[in-house]
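Everything on this sheet refers to the single structure shown next.
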Number of protein chains: 2
Amino acid sequence: MTTATQFEQFNALCKEAGITPTQQRLVIWQTLTEMHNHPSPEDVYVRVKPQLPTVSLATVYKNIHLFIDTGMFREVSMHHGTLRIETNSALHHHLVCRKCKSIFDLDAKQLSGFPIPQSLPDGFVAEQFSIDVLGLCAACRKSKP
Amino acid sequence: MTTATQFEQFNALCKEAGITPTQQRLVIWQTLTEMHNHPSPEDVYVRVKPQLPTVSLATVYKNIHLFIDTGMFREVSMHHGTLRIETNSALHHHLVCRKCKSIFDLDAKQLSGFPIPQSLPDGFVAEQFSIDVLGLCAACRKSKP
DNA sequence: CTATCGAACGATAATGATTATCGTCGCTGA
DNA sequence: TCAGCGACGATAATCATTATCGTTCGATAG
């Protein structure tokens, strides 16, 4: 159920993002704020469907991307699309451009002595770290749009 | 061109990994060691093709996965292959199980003291960090195979 | 040396996620 | 009221990846 304040908050967010507030967007946004895990578009769709029986999966996709592009939500991984093989066996970070999704290596001597946290929840055993620095590469900074 | 020592090294790696050294695997492995970026299976395929004109893309995929599963190479991102939305707006990082790919949130305080690299190359503008702790979740540790 | 057996290959169909297309709907302003 | 436009819904198309399956290769037993 959407409260009045949530509705106002959503309208304010849309104004800020420069997008039209619609019923579908409200329900999708509201659903996302209620989910505290890392849902896929399909997950969102099945939760939205009962409230908007005529909604299309394509609409869910379109609006999720809209939310991400306007900064209302983030995606978990900036490089999820296709399988990429790591050919650099040295310890290093990644620079990931959020626009063109290209990946640059960043040598990380600083990381060599990184203290592994001992108390990870749920019996999780850590083996390795992977650090992404997200931002904009030089090429994408130049091309404004 | 594969040298004698590379050939020996590859054979040793295969023995260690418990897989059969084949001509296709040698060429794919050799190609990967020569590429210093983050190639996709398709990228690898087009470089392997001239040396093995009859090779199939499926074979490239199968052997890349074999290399990854046996630890001869790693993949860049351990995350799901699908889009996931981040619904936790608090500063946090991720525990990622390398087997079932499930993602757990890790409060940022548990990773405090992380050394942030200062000088980024190529005019890259950093906006945000994302740290993945890779390992095995409790459930996957129990199930041996 | 030849027959046999299983692993690896190659070709291709199938799948799953995502995106593009396109006709329709509903709101806003003339 | 009517035109224009953005958003929607349905669905076709695309792209990466995986599964299937018949064939081939190589090691080994006879």
Side-chain angles (χ1 to χ4, degrees), chain A residues 10-11 13-15 17-31 38-70 72-73 75-85 99-101 103, chain B residues 7 10-11 13-15 17-31 38-70 72-73 75-85 100-101 103:
Chain A
F10 176 68
N11 277 19
L13 279 172
C14 285
K15 178 165 288 184
I19 65 176
T20 312
T22 69
Q23 181 63 15
Q24 286 87 339
R25 285 174 188 168
L26 172 61
V27 174
I28 294 168
W29 174 83
Q30 160 77 7
T31 300
H38 307 92
S40 66
E42 184 73 30
D43 294 336
V44 177
Y45 176 69
V46 301
R47 286 189 58 140
V48 162
K49 193 74 175 173
Q51 298 166 73
L52 295 172
T54 67
V55 81
S56 165
L57 179 57
T59 299
V60 173
Y61 266 96
K62 279 184 282 201
N63 287 318
I64 285 175
H65 280 302
L66 197 59
F67 291 163
I68 291 172
D69 292 344
T70 57
M72 291 167 70
F73 284 93
E75 50 182 312
V76 171
S77 171
M78 287 304 287
H79 39 76
H80 74 268
T82 63
L83 174 62
R84 296 307 179 94
I85 303 105
K99 195 163 174 188
C100 68
K101 307 250 174 161
I103 304 171
Chain B
F7 186 74
F10 177 68
N11 277 19
L13 279 171
C14 285
K15 178 166 287 183
I19 66 175
T20 313
T22 69
Q23 181 62 15
Q24 286 86 340
R25 284 174 190 170
L26 172 61
V27 174
I28 293 169
W29 174 84
Q30 160 75 10
T31 299
H38 306 91
S40 66
E42 184 74 29
D43 294 336
V44 177
Y45 176 68
V46 300
R47 286 189 56 139
V48 162
K49 194 73 175 173
Q51 298 167 73
L52 296 172
T54 67
V55 81
S56 164
L57 179 58
T59 298
V60 173
Y61 266 97
K62 278 183 280 201
N63 287 317
I64 284 174
H65 280 302
L66 197 60
F67 291 162
I68 289 172
D69 292 345
T70 59
M72 291 166 70
F73 283 93
E75 49 181 313
V76 171
S77 173
M78 290 300 290
H79 288 189
H80 294 85
T82 63
L83 175 63
R84 296 308 175 98
I85 303 106
C100 68
K101 309 249 173 159
I103 302 173

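Predicted model only: the values in this text are computed from it and were never measured. Each chain gets a letter, A, B and so on, in the order the sequences are listed, and its residues count up from 1.
- Rounded to whole angstrom, the span from the CZ atom of B:Arg84 across to the C1' atom of C:dT18 amounts to 14 Å.
- Using a 4.0 Å cutoff to heavy atoms of chain A, the contacted part of DNA chain D runs 5' to 3' from D:dG6 to D:dT17.
- Atom CD1 in A:Ile64 sits 8.0 Å away from atom OG in A:Ser40 (nearest 0.5 Å).
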Subject >> Base-contact (B) and sugar-phosphate-only (S) positions in nucleotides 24-30 of chain C, heavy-atom cut-off under 4.0 Å, - elsewhere >> reply: -------
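- Closest non-hydrogen pair, B:Val55 versus B:Lys49, comes out as O-NZ, 3.1 Å.
- The shortest heavy-atom contact between A:Ile103 and B:Val76 is CD1-CG1, 3.9 Å.
- As rounded to whole Å, 14 Å separates atom P of C:dA17 from atom CD1 of A:Ile64.
- Side-chain contact between A:Glu42 and A:Val44 is absent, with no heavy atoms from C-beta onward closer than 4.5 Å.
- Of the inter-residue distances, the one linking B:Trp29 atom CH2 with B:Leu66 atom CG reads 14.5 Å to the nearest 0.5 angstrom.
- The nearest pair of heavy atoms linking A:Val60 to A:Pro41 is CG1-O, 3.7 Å.
- Here the shortest heavy-atom pairing between A:Met72 and A:Phe10 reads CE-CE1, 4.1 Å.
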**OP:** Quick one, give me the B/S/- string for nucleotides 5-10 of chain C, reading 5' to 3', where B means a protein heavy atom under 4.0 Å from the base and S means that only happens at the primed atoms, P, OP1 or OP2.
**Re:** --SSBB
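- Formation of a donor-acceptor pair under 3.5 Å by the B:Thr31 side chain with backbone atoms of B:Val27 is found in this model.
- With hydrogens and angles disregarded, no donor-acceptor distance shorter than 3.5 Å links the side chain of B:Arg84 to the backbone of A:Pro39.
- No side-chain heavy atom of B:Val48 sits under 4.5 Å from any side-chain heavy atom of B:Gln30.
- Phosphate proximity of C:dT19 to A:His65: present, with a side-chain N or O under 4.0 Å from OP1 or OP2.
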